[in-house]
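What follows is one structure encoded as structure tokens, with my remarks underneath.
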Amino acid sequence: MFKRAAFVLVLFSAIVHAQHFNFEGSVRDAETKKGIPFATVLFQNIKKGTSADKKGVFKLAVDENLKKELVSISCVGYESKFIRFDELKDAIVFLNPKIDELAAVKLYEMRLEHKKRINPFRGRQVVGLGNFSGGAYPSALARYYERPDGFDKACFLSEIKIDFYKRLGIPDSDAKFRLRILDVAADKKPGKDLLSSDFILTKEERDRQISLDLKHYKLQVPADGFFIVVEHLFIESNRFTETISVKVNDSVGIKQYQVERYAPIFKGIEIRESEEKSRCYYSGISGWKPINLLDTKSSVLQGRFPAPAFKLLFTD
């Protein structure tokens with residue numbers, strides 16, 4: 001899951017093998033009828049899901065006993081749909097574009113005179129952050145950032161830099177992922193998107209860091225802060241296999257397992273539970289969960305927690 005230091009579904013284009021059904025479907029824009037790239041298909045009560053490809057097409061192997069389970073189809077900038085599996089009538093689901101519901105903000109001219117950089121890696125132990133669902137469904141990692149001091153009036157988020165962790169013993173490759181910027185919900189967890197743009201970024205093979213320039217969007221930092229989120233995409237080009245060694249018992253010894261993972265591996269830092277400002281979450285099928293719910297006492301983290309970290313640039 002992490003290392004230290006370093007549908008829409010086509011109901012009856014299914015092929016049946018035993019009690020497993022291989023479904024293929026597509027997610028499309030209700031207005032343009034074009035495919036929605038990298039939409040998320042996720043069972044609501046079962047740890048299972050996938051991502052559509054760049055054309056909005058997805059494939060999913062499903063057990064017969066999941067036919068009555070609720071499935072969500074979603075993507076940034078669109079209204080989500082919730083459909084019971086056995087009520088799907090055809091191979092296509094159309095999502096309606098979301099009407100912007102952003103709160104009214106004061107308009108300021110960007111002066112780009114005063115800048116402030118945030119680098120949470122300084123003096124920290126680095127960890128690698130993979131897919132927290134164990135390869136069962138697309139998941140996400142979120143970290144809270146407060147509005148920095150020193151900005152009397154306008155404060156804009158100018159740039160985000162994402163660092164990557166080199167996979168040990170496995171060649172790196174190109175990998176796509178989604179970046180989101182969310183407000184703070186009433187329960188202090190990640191809330192709604194502050195930007196309707198769907199940022200699909202590509203980490204190329206040799207990249208150790210990539211940047212997103214946000215000056216064009218003139219994104220004002222809310223008074224109560226915001227969350228930065230990275231989402232893994234469950235697409236074929238991101239998939240890789242990792243060998244995990246697990247000690248079974250003294251008589252059997254160590255056994256090796258092949259585990260399916262999805263790139264990229266993000267670079268993060270270790271934090272302690274007492275660090276109140278480090279509000280970090282990972283997404284589960286029931287919503288956002290605090291990262292300190294993870295049991296890390298028996299791991300190399302020894303009770304500390306893995307936290308996503310991003311280098312930020314703010315300006316006026």
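Residue numbers count from 1 along this sequence. Hydrogens, waters and symmetry mates play no part in the numbers below; they use all other heavy atoms, side chains included.
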So if you build clusters from Ile, Leu, Val, Met, Phe, Trp, Tyr with side-chain heavy-atom gaps below 4.5 Å, do [X] and [Y] land together?
| X | Y | result |
| --- | --- | --- |
| Ile200 | Val27 | no |
| Leu70 | Val62 | no |
| Val230 | Ile210 | yes |
| Val221 | Leu179 | yes |
| Leu195 | Phe314 | yes |

For the side chain of [X] and the backbone of [Y], is there at least one donor-acceptor N/O pair under 3.5 Å apart?
| X | Y | result |
| --- | --- | --- |
| Arg180 | Val229 | no |
| Asn131 | Gly135 | yes |
| Ser139 | Phe132 | yes |
| Arg261 | Ile265 | no |
| Asp63 | Asn65 | no |
| Ser173 | Glu205 | no |
| Asp207 | Glu204 | yes |
| Tyr144 | Lys188 | no |
| Ser51 | Phe234 | yes |

Could you tell me which non-hydrogen atom of [X] sits nearest to which non-hydrogen atom of [Y], and how far apart they are?
| X | Y | value |
| --- | --- | --- |
| Ile285 | Ile46 | CG2-O, 3.6 Å |
| Ala175 | Asn238 | CA-OD1, 3.3 Å |
| Pro306 | Ile291 | O-CD1, 2.9 Å |
| Leu42 | Lys48 | CD1-O, 3.6 Å |
| Gly130 | Leu141 | O-CD1, 4.2 Å |
| Ser283 | Ala140 | OG-N, 2.7 Å |

Ring pair (Phe, Tyr, Trp, His ring centres under 6.0 Å), paired with His232, selected from Tyr282, Tyr262, Phe38, Phe266 = Phe266
Only counting residues at least two apart or in another chain, list the ones meeting salt bridge (Lys or Arg N to Asp or Glu O under 4.0 Å) with Asp316.
-> Arg111
Under the salt bridge (Lys or Arg N to Asp or Glu O under 4.0 Å) rule, collect the residues that match up with Lys289, sequence neighbours excluded.
-> none
Non-hydrogen side-chain atoms of [X] and [Y] separated by less than 4.5 Å:
| X | Y | value |
| --- | --- | --- |
| Phe94 | Lys33 | yes |
| Ile162 | Leu201 | yes |
| Tyr145 | Ile228 | yes |
| Ile160 | Ile181 | yes |
| Glu146 | Pro222 | no |
| Glu260 | Arg239 | yes |
| Pro308 | Cys280 | yes |
| Ile73 | Leu95 | yes |

Aromatic contact, Tyr217 with Phe199 (centres under 6.0 Å) = yes
Polar side chain donor-acceptor pair, [X] to [Y], under 3.5 angstrom:
| X | Y | result |
| --- | --- | --- |
| Gln44 | Ser72 | yes |
| Tyr78 | Asp198 | no |
| Thr202 | Lys176 | yes |

Is Lys34 atom NZ crowded by more than 12 heavy atoms from other residues, nucleotides or ligands, each under 6.0 Å away?
-> no
Heavy atoms of other groups near Arg208 CZ, more than 12 under 6.0 Å = yes
Take Lys267 and Phe164 through the test side chain to side chain contact (heavy atoms under 4.5 Å, CB included) and record every step on the way to the result.
-> CA-CA 5 Å; Lys267 184 182 287 187; Phe164 302 98; 5.7 Å; no
Do Lys203's NZ or CZ and the ring of Phe177 fall within the cation-pi criteria of under 6.0 Å and 45°?
-> no
Report the distance from atom [atom1] of [X] to atom [atom2] of [Y], rounding to the nearest 0.5 Å.
| X | Y | atom1 | atom2 | value |
| --- | --- | --- | --- | --- |
| Arg206 | Asp174 | CZ | CG | 11.0 Å |
| Lys115 | Ser158 | NZ | OG | 6.5 Å |
| Asn292 | Phe305 | CG | CZ | 5.0 Å |
| Lys116 | Arg147 | NZ | CZ | 11.0 Å |
| Leu214 | Thr315 | CG | OG1 | 12.0 Å |
| Asp163 | Phe310 | CG | CZ | 9.5 Å |

Using side-chain contact (heavy atoms from CB on, under 4.5 Å) as the criterion, list what pairs up with Ala185, not counting sequence neighbours.
-> Asp187
Listed partners of Asp213 passing side-chain contact (heavy atoms from CB on, under 4.5 Å), at least two apart | Lys215
Side chain to side chain contact (heavy atoms under 4.5 Å, CB included) between Glu159 and Leu312: does it pass, once the steps are laid out?
-> CA-CA 6 Å; Glu159 181 183 64; Leu312 308 180; over 6 Å; no
Salt-bridge contact Arg124-Glu270 (side-chain N to carboxylate O under 4.0 Å) | no
Would you mind checking if Glu69 and Arg84 are paired as a salt bridge, meaning a charged N to carboxylate O distance below 4.0 Å?
-> no
Decide yes or no on side-chain hydrogen bond (donor to acceptor under 3.5 Å, both in side chains) for Asn96 and Glu79, but give the supporting numbers first.
-> CA-CA 6 Å; Asn96 293 312; Glu79 299 286 349; over 6 Å; no
Please walk me through it: do Phe226 and Leu157 pass side chain to side chain contact (heavy atoms under 4.5 Å, CB included)?
-> CA-CA 10 Å; Phe226 62 98; Leu157 181 57; 4.0 Å; yes
Leu194 and Leu182: side chain to side chain contact (heavy atoms under 4.5 Å, CB included), yes or no, with the steps?
-> CA-CA 5 Å; Leu194 288 171; Leu182 309 183; 5.9 Å; no
Set of ring-ring contact (aromatic ring centres under 6.0 Å, His included) partners for Phe121, sequence neighbours left out = none
Counterpart residues, ring-ring contact (aromatic ring centres under 6.0 Å, His included), relative to Tyr281 (two or more places apart) | Phe227
